[in-house]
Amino acid sequence: MNKALLLVSSLFLMAACAPQNSPNLTVADNAAIVGGDKVEAASNIGRSTVGIYESKIGYICSGTLIAKNLVLTAAHCVDPNAKDLAIYFTAEMKKASKEQIRRVTGQVVHDGYTGAVQTKDTNDIAVLRFEGEAPAGYTVAPILFEQGHLNNDVKTIVAGYGLNWTIVMSKGAGTLRTTRLSIDDINFSRTEVMLGQSLRKGICSGDSGGPAYLEINGRLHVWGVASRGDSLPGLLTPKCMLFSVFTRVDAHQTFIQDAVAELSR
């Protein structure tokens with residue numbers, strides 16, 4: 001699909017990275033990012049990527065640890081009706097112990113996020129505070145506010161707890177996986193970047209809010225937050241095979257810094 005057609009299609013194909021409904025946290029063995037590799041908890045990716053689960057409504061999202069008790073995620077992962085948001089510090093959400101779960105005690109959602117279907121500049125970003133601190137072994141991911149590292153064709157590391165199969169039936173959510181995607185359009189919008197995906201490689205529902213990392217001097221830096229992607233019409237057509245859109249953190253530096261300050265009081 002050429003870029004012009006893809007962008008026209010994006011006017012109505014924006015739901016693929018929505019939170020994954022999973023009321024009972026039923027997880028398939030091959031769960032998460034489409035075409036991704038399972039992440040070990042002790043790896044660099046596993047030490048700074050977290051799961052987000054709302055047990056009352058029943059949905060899964062992903063996020064990035066950016067302070068000892070703060071997580072960066074997507075605004076649409078903070079449902080206005082959410083009553084029981086929790087952060088999961090584990091590679092397998094289904095197997096999480098009580099010691100690996102932290103209740104969310106505060107949140108700041110970008111005031112420019114409306115939840116309405118938009119094609120660009122959605123302000124889909126939020127910061128969550130959780131009780132206590134992250135478990136031992138977890139490390140904060142530096143936020144890449146410095147510009148100049150992102151360009152077309154740059155490979156970026158993405159991670160999340162979302163679906164890894166969407167053909168005919170959707171399955172798999174709750175296992176942390178990762179893959180590498182290329183930046184297709186660095187100028188997709190003023191505050192967002194488009195990544196290229198394929199039928200068997202990309203992010204999908206449940207990966208919402210998850211990180212896009214760049215490795216700089218041996219350390220993972222988060223530059224993007226998973227927002228949305230494609231969802232072809234029709235019950236039998238696969239989702240998550242064309243593109244994904246990530247919110248740039250450098251475009252929201254003031255929001256993030258203000259949210260961190262507010263939640264740290």
Side-chain angles (χ1 to χ4, degrees), residues 1-17 33-37 44-45 48-49 62 64 66 72-76 110 112 117-125 141-160 162 177-205 207-232 238-256:
M1 178 180 290
N2 63 45
K3 186 168 293 185
L5 181 55
L6 188 151
L7 291 176
V8 170
S9 300
S10 71
L11 291 173
F12 58 91
L13 306 182
M14 288 298 186
C17 298
I33 274 186
V34 176
D37 299 315
N44 286 340
I45 297 170
S48 57
T49 308
S62 305
T64 309
I66 59 169
L72 182 68
T73 189
H76 76 264
H110 196 294
V117 176
Q118 295 176 234
T119 57
K120 295 185 177 182
D121 295 320
T122 61
N123 300 305
D124 193 6
I125 191 167
I143 303 174
L144 189 60
F145 291 134
E146 180 185 349
Q147 299 184 10
H149 293 276
L150 304 179
N151 293 289
N152 285 346
D153 301 323
V154 166
K155 291 281 189 180
T156 184
I157 299 166
V158 297
R177 288 183 184 262
T178 184
T179 192
R180 290 178 180 264
L181 301 175
S182 292
I183 295 177
D184 267 10
D185 190 355
I186 189 65
N187 296 313
F188 174 74
S189 77
R190 182 179 57 85
T191 62
E192 297 166 328
V193 168
M194 177 186 286
L195 304 186
Q197 302 202 163
S198 64
L199 182 60
R200 291 191 175 273
K201 191 173 184 180
I203 66 165
C204 205
S205 301
D207 294 318
S208 290
Y213 293 120
L214 284 183
E215 187 171 0
I216 302 173
N217 297 324
R219 192 174 184 188
L220 294 179
H221 292 64
V222 58
W223 67 262
V225 176
S227 176
R228 60 199 186 279
D230 64 275
S231 179
L232 293 174
K239 302 177 181 179
C240 314
M241 62 176 290
L242 299 176
F243 67 93
S244 56
V245 177
F246 278 71
T247 302
R248 294 179 64 140
V249 298
D250 59 1
H252 293 286
Q253 181 173 355
T254 299
F255 163 76
I256 294 172

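Each residue takes its place number in the sequence, starting with 1.
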ask   = Do Ile143 and Ile256 come close enough that some side-chain heavy atom pair is under 4.5 Å?
value = yes
Over all atoms of both residues, closest heavy-atom pair of Thr156 and Ala212 = OG1-CB, 3.8 Å
query = Roughly how far, to the nearest 0.5 Å, is OG of Ser48 from NE2 of His221?
reply = 11.0 Å
query = Taking only residues two or more places apart in sequence or in another chain, which ones pass side-chain contact (heavy atoms from CB on, under 4.5 Å) with Thr122?
reply = Gln118, Asp124, Glu192, Ser227, Arg228
key: From CZ (Phe243) to CD (Gln197), nearest 0.5 Å   = 9.0 Å
task = Show your working on side chain to side chain contact (heavy atoms under 4.5 Å, CB included) between Leu214 and Leu150 and close with a plain yes or no.
result = CA-CA 9 Å; Leu214 284 183; Leu150 304 179; 3.5 Å; yes
Check: Phe188 and Val245 side chains under 4.5 Å, non-hydrogen atoms = yes
inquiry  = One pair to check against side chain to side chain contact (heavy atoms under 4.5 Å, CB included): His149 and Ile216. What are the steps and the verdict?
reply    = CA-CA 9 Å; His149 293 276; Ile216 302 173; 3.8 Å; yes
query = Does a side-chain heavy-atom distance below 4.5 Å link Ile45 with Leu220?
reply = yes
Residues in side-chain hydrogen bond (donor to acceptor under 3.5 Å, both in side chains) contact with Ser62, at least two apart in sequence or another chain = none
query = With distance as the sole criterion, is a donor-acceptor pair present between the side chains of Ser182 and Asp153 under 3.5 Å?
reply = no
message = So which atom in Ala226 and which in His76 form the shortest heavy-atom distance, rounded to 0.1 Å?
response = O-CE1, 4.4 Å
task = Find out whether Leu195 and Val158 are in side-chain contact, i.e. whether some heavy atom of one side chain is under 4.5 Å from a heavy atom of the other.
result = yes
message = Could you go through Asn151 and Ile186, starting from their C-alpha distance and side-chain angles, then the distance that decides it, and tell me whether this counts as side chain to side chain contact (heavy atoms under 4.5 Å, CB included)?
response = CA-CA 6 Å; Asn151 293 289; Ile186 189 65; 5.6 Å; no
query = So do the side chains of Thr191 and Asp121 get within less than 4.5 Å of each other, counting heavy atoms only?
reply = yes
request  = Return yes if some donor-acceptor pair links the side-chain N/O of Asp250 with the main-chain N/O of Phe145 below 3.5 Å, else return no.
outcome  = no
request  = Report yes if the side chains of Arg219 and Pro142 come closer than 4.5 Å at any heavy-atom pair, otherwise no.
outcome  = yes
ask   = Shortest non-hydrogen contact from Ser244 to Leu181?
value = OG-CD1, 4.3 Å
key: Note, Tyr213 side chain near Leu144 side chain (heavy atom, < 4.5 Å)   = no
inquiry  = Are Trp223 and Val193 packed together at the side-chain level, in the sense that at least one heavy-atom pair is separated by less than 4.5 angstrom?
reply    = yes
inquiry  = I'd like to know whether Phe255 forms a side chain to side chain contact (heavy atoms under 4.5 Å, CB included) with Ile125, so could you lay out the CA-CA distance, the side-chain angles of the two residues, the decisive distance to 0.1 Å, and finally the verdict.
reply    = CA-CA 9 Å; Phe255 163 76; Ile125 191 167; 3.7 Å; yes
inquiry  = Closer than 3.5 angstrom, by distance alone: can the side chain of Asp207 be matched with the main-chain N or O of Gly162 as a donor-acceptor pair?
reply    = yes
request  = List for me each residue that meets ring-ring contact (aromatic ring centres under 6.0 Å, His included) alongside His252, sequence neighbours excluded, and say none if there are none.
outcome  = His110
